[in-house]
Enquirer: 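Supplied in structure tokens, the structure appears directly below.
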Amino acid sequence: MTALKNDRFLRALLKQPVDVTPVWMMRQAGRYLPEYRASRAHAGDFMSLCMNPEFACEVTLQPLDRYPQLDAAILFSDILTIPDAMGQGLYFETGEGPRFKKVVSTLADIEALPIPDPHKDLGYVMDAVSTIRRELNGRVPLIGFSGSPWTLATYMVEGGSSKDFRKTKAMLYDNPQAMHLLLDKLAQSVTSYLNGQIMAGAQAVQIFDTWGGNLSAAAYQEFSLAYMRKIVSGLIREHEGRKVPVIMFTKGGGLWLESIADAGADALGLDWTCDLGEARQRVGNRVALQGNMDPTVLYAKPEAIRAEVGRILASYGKGTGHVFNLGHGITPEVNPEHAGAFLQAVHELSAQYHV
């Protein structure tokens with residue numbers, strides 16, 4: 001494989017020295033970019049974009065072509081590919097988000113679920129990873145990802161998005177045996193899926209625990225964090241002669257940073273409700289931190305964006321171990337020029353913290 005021309009993202013995740021704070025954006029390939037909207041229209045729909053490796057590669061590279069400051073590419077895919085490969089029948093309703101043709105509601109439903117083979121059942125994702133890695137040609141590292149078992153389970157039990165997770169939480173408390181079986185199958189699936197991505201060329205991986213923060217403290221430990229810990233322990237941590245860092249991101253998980261930091265990942269993602277400096281004090285040298293600007297700051301003027309970038313950098317302070325990111329995904333209505341101002345500010349303002 002081609003040598004990396006820019007590895008500061010990987011170095012920061014491993015708390016190694018860097019010249020400036022590396023930066024990327026969750027959902028950096030997305031609807032805020034006119035070139036993405038054109039590619040999606042050409043593909044026909046979102047799933048056609050995801051399932052065609054050439055289209056997935058095209059949209060993954062679009063933000064890198066527009067913003068030379070980006071220090072990483074992230075695979076263009078969806079977190080719900082695993083439930084779809086389990087036979088749940090993923091589809092998207094306009095204005096409604098992801099839906100499943102089948103839902104999981106009983107122990108028998110869960111017992112019948114297969115564990116997907118990443119190469120046979122999710123081969124289009126592996127093909128996308130290898131295609132993107134080839135086309136990157138060493139520009140920046142490629143991030144692979146998956147949803148967490150708990151987050152995937154909520155969609156499978158609810159049949160789509162949910163505001164209160166009533167069906168999933170009812171199963172958790174009424175039938176914990178069934179919920180644990182579902183989460184265990186999903187943990188096995190995520191582990192093999194991420195390992196497949198690593199073997200195909202992903203140089204770091206992130207676990208998105210989007211809905212873990214909706215659990216109680218006790219339920220989070222038992223039904224979310226325990227399964228992410230299991231995944232991390234089963235991942236390939238070195239490939240192509242260098243370490244493969246793992247990022248764990250629980251949205252709304254700020255109360256539990258210490259226990260997340262002990263779960264085996266190299267870095268923790270933080271949402272915008274956490275103070276970055278306080279988080280650094282709480283986790284010490286155990287992990288790197290990724291985050292955590294409020295995505296809605298990008299609706300403000302470039303000078304206000306720059307000021308907020310400066311505030312966050314000062315909050316973290318001197319030294320490595322920080323990957324700058326948004327606290328969640330960039331939203332579709334953001335002006336692309338504002339995203340560019342954000343990325344430029346990170347590199348320009350962060351050099352003083354790495355002298």
Enquirer: Is it true that the side chains of Q290 and Q206 contain a donor and an acceptor less than 3.5 Å apart?
Expert: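 Yes - a donor-acceptor pair under 3.5 Å links their side chains.
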Enquirer: Count the heavy atoms of every other residue, nucleotide or ligand shown that sit under 6.0 Å from CZ of R40, and state whether that count exceeds 12.
Expert: yes
Enquirer: Mark yes or no for whether Q28, through its side chain, and M25, through its backbone, hold a donor-acceptor pair below 3.5 Å.
Expert: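 Yes, Q28 side chain to M25 backbone: donor-acceptor pair under 3.5 Å.
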Enquirer: Does the separation of the ring centres of F55 and F76 fall below 6.0 angstrom?
Expert: no
Enquirer: For K5, does the NZ atom sit with more than 12 other heavy atoms under 6.0 Å from it, leaving out its own atoms?
Expert: yes
Enquirer: Please identify which of these residues, L182, L215, T210, T250, meets the side-chain contact (heavy atoms from CB on, under 4.5 Å) condition with W150.
Expert: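 Output: one option passes, namely L215.
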Enquirer: Under a 4.5 Å cut-off applied to non-hydrogen side-chain atoms, are Y124 and N52 in contact?
Expert: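 No. Closest side-chain heavy atoms not under 4.5 Å.
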Enquirer: With ring centroids as reference points, do H322 and Y353 lie under 6.0 angstrom apart?
Expert: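 Between Y353 and H322, which both carry aromatic rings, the centre distance is not below 6.0 Å.
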Enquirer: Answer yes or no: are there more than 12 heavy-atom neighbours, outside K163 itself, under 6.0 Å from its atom NZ?
Expert: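 Count not over threshold, so no.
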Enquirer: Is the F165 to Y155 ring centre distance short of 6.0 Å?
Expert: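 Ring centres of Y155 and F165 not closer than 6.0 Å.
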Enquirer: Between E158 and R166, does any NZ, NE, NH1 or NH2 come within less than 4.0 Å of an OD or OE carboxylate oxygen?
Expert: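 Salt bridge: no.
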Enquirer: Could you please spell out the steps behind the side-chain contact (heavy atoms from CB on, under 4.5 Å) verdict for M228 and I260?
Expert: CA-CA 9 Å; M228 290 194 287; I260 302 172; 5.8 Å; no
Enquirer: Please determine whether the number of non-hydrogen atoms from other residues, nucleotides or ligands lying under 6.0 Å from atom CG of N285 exceeds 12.
Expert: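 Counting other residues, nucleotides and ligands, CG of N285 stays at 12 neighbours or fewer.
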Enquirer: When you compare the side chains of Y299 and T331, does any donor N or O come within less than 3.5 Å of an acceptor on the partner?
Expert: yes
Enquirer: Check the orientation of H328 and F249. Use parallel for under 30°, tilted for 30 to 60°, and perpendicular for over 60°.
Expert: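 Geometry flag for F249 against H328: tilted rings.
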Enquirer: Do S259 and D262 have side-chain N/O donor and acceptor atoms under 3.5 Å apart?
Expert: no
Enquirer: Should we say atom CZ of R237 is surrounded by more than 12 heavy atoms from elsewhere, each under 6.0 Å from it?
Expert: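 Check passes, neighbour count above 12.
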Enquirer: Establish, from distance only, whether the side-chain atoms of T320 and Q16 form a donor-acceptor pair under 3.5 Å.
Expert: no
Enquirer: Does the side chain of E222 come under 3.5 Å of the side chain of H180 through a donor N or O and an acceptor N or O?
Expert: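 Yes, a side-chain donor-acceptor pair sits under 3.5 Å.
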Enquirer: Could you check D71, D7, D65 and say which one makes a salt bridge (charged side-chain N to carboxylate O under 4.0 Å, His left out) with R139?
Expert: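 For R139, the salt bridge (charged side-chain N to carboxylate O under 4.0 Å, His left out) check succeeds only for D65.
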Enquirer: Is it the case that S148 and T151 place a side-chain donor and acceptor less than 3.5 Å from each other?
Expert: yes
Enquirer: Taking CD in E303 as the centre, count heavy atoms belonging to other residues, nucleotides or ligands within less than 6.0 Å. Is the count above 12?
Expert: yes
Enquirer: Classify the side-chain pair D84/T81 by whether it contains a donor and acceptor separated by less than 3.5 Å.
Expert: no
